[in-house]
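Below you'll find the structure, written out as structure tokens, and then a few comments.
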Amino acid sequence: MCPSGRTLTSDTPATLGSDFRRAFEVLDADRDGKISRDDLRAFYSGFSSSGADESVIGSMIKEADSNDDGFVEYDEFERVLGCDKKSLSGGLMEEVFKVMDKDGDGKLSHDDLKSYMNSAGFPATDEDIKAMILMGGGDEKEGVSYQAIEEDSKAMVVMGGGDEKEGVSYQGSLKILAVD
């Protein structure tokens with residue numbers, strides 16, 4: 001059973017690619033098949049009144065743009081979201097955390113996370129948000145810090161039979177999620 005109470009089984013098809021495609025399409029504002037700085041500006045301007053800092057947008061593009069053409073194509077986007085270990089340690093993930101932290105207090109509150117998920121096109125119930133915060137090592141009242149998420153992620157990789165260098169396999173992910 002997943003933290004939110006939903007149950008998956010090991011024969012549930014792995015549809016990560018289609019989930020990534022939906023997220024990619026949300027960010028690709030001009031629908032040209034690639035994510036540009038302008039696309040990210042448009043997305044974040046809809047999320048917060050101040051938009052995203054240009055250095056944050058630059059960091060995101062630089063981290064994901066493996067062919068250095070100034071854009072993030074779908075395969076690059078999928079690589080970053082597909083748990084490439086380099087992209088999970090500090091850098092990009094920390095920048096994304098800062099963008100999600102609307103009030104800048106260093107923690108993701110229920111409201112921060114719910115707002116971000118909805119803006120990204122992934123509506124989540126209050127119970128889903130609560131489960132995400134708890135799974136990240138936080139609590140419902142105080143939210144979750146980036147450091148807690150990072151520490152909890154390392155523990156989950158080990159629990160799934162992986163290591164920090166290689167990450168965790170699909171079967172290990174099922175083990176982490178306690179999928180029957």
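All values reported here derive from a predicted model rather than from experimental measurement.
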Show the nearest heavy-atom pair for residues [X] and [Y], with the distance to one decimal.
X	Y	value
Tyr146	Phe97	N-CZ, 3.3 Å
Ala148	Gly137	CB-O, 4.1 Å
Glu76	Ser66	OE2-N, 3.0 Å
Leu108	Asp101	CD2-N, 3.6 Å
Val144	Gly136	CG2-O, 3.2 Å
Ser115	Lys102	OG-NZ, 3.5 Å

Look up atom [atom1] in [X] and atom [atom2] in [Y], then write down how far apart they are to the nearest 0.5 Å.
X	Y	atom1	atom2	result
Asp65	Ser36	CG	OG	11.5 Å
Ser109	Glu140	OG	CD	11.5 Å
Asp39	Asp32	CG	CG	6.0 Å
Ile129	Asp112	CD1	CG	10.5 Å
Lys114	Ile133	NZ	CD1	11.0 Å

Exercise. Show the numbers, then the answer: is there a side chain to side chain contact (heavy atoms under 4.5 Å, CB included) between Asn67 and Glu73?
Key: CA-CA 9 Å; Asn67 66 3; Glu73 286 84 15; 3.6 Å; yes

Would a single hydrophobic cluster contain both [Y] and [X], if residues Ile, Leu, Val, Met, Phe, Trp and Tyr are joined by side-chain heavy-atom contacts under 4.5 Å?
X	Y	value
Met117	Met100	yes
Val72	Tyr74	yes
Ile35	Val26	yes
Leu40	Phe71	no

Exercise. Under the side chain to side chain contact (heavy atoms under 4.5 Å, CB included) rule, what do His110 and Lys141 come out as? Steps first, then yes or no, please.
Key: CA-CA 8 Å; His110 185 278; Lys141 185 176 179 180; over 6 Å; no

Quiz prompt | Greater than 12 external heavy atoms within 6.0 Å of Glu25's CD | solution = yes

Quiz item: Side chains of Arg37 and Ile61: does their closest heavy-atom pair fall under 4.5 Å?
Solution: yes

Quiz item: Are Arg41 and Asp38 close enough for a salt bridge, meaning some N to O gap below 4.0 Å?
Solution: yes

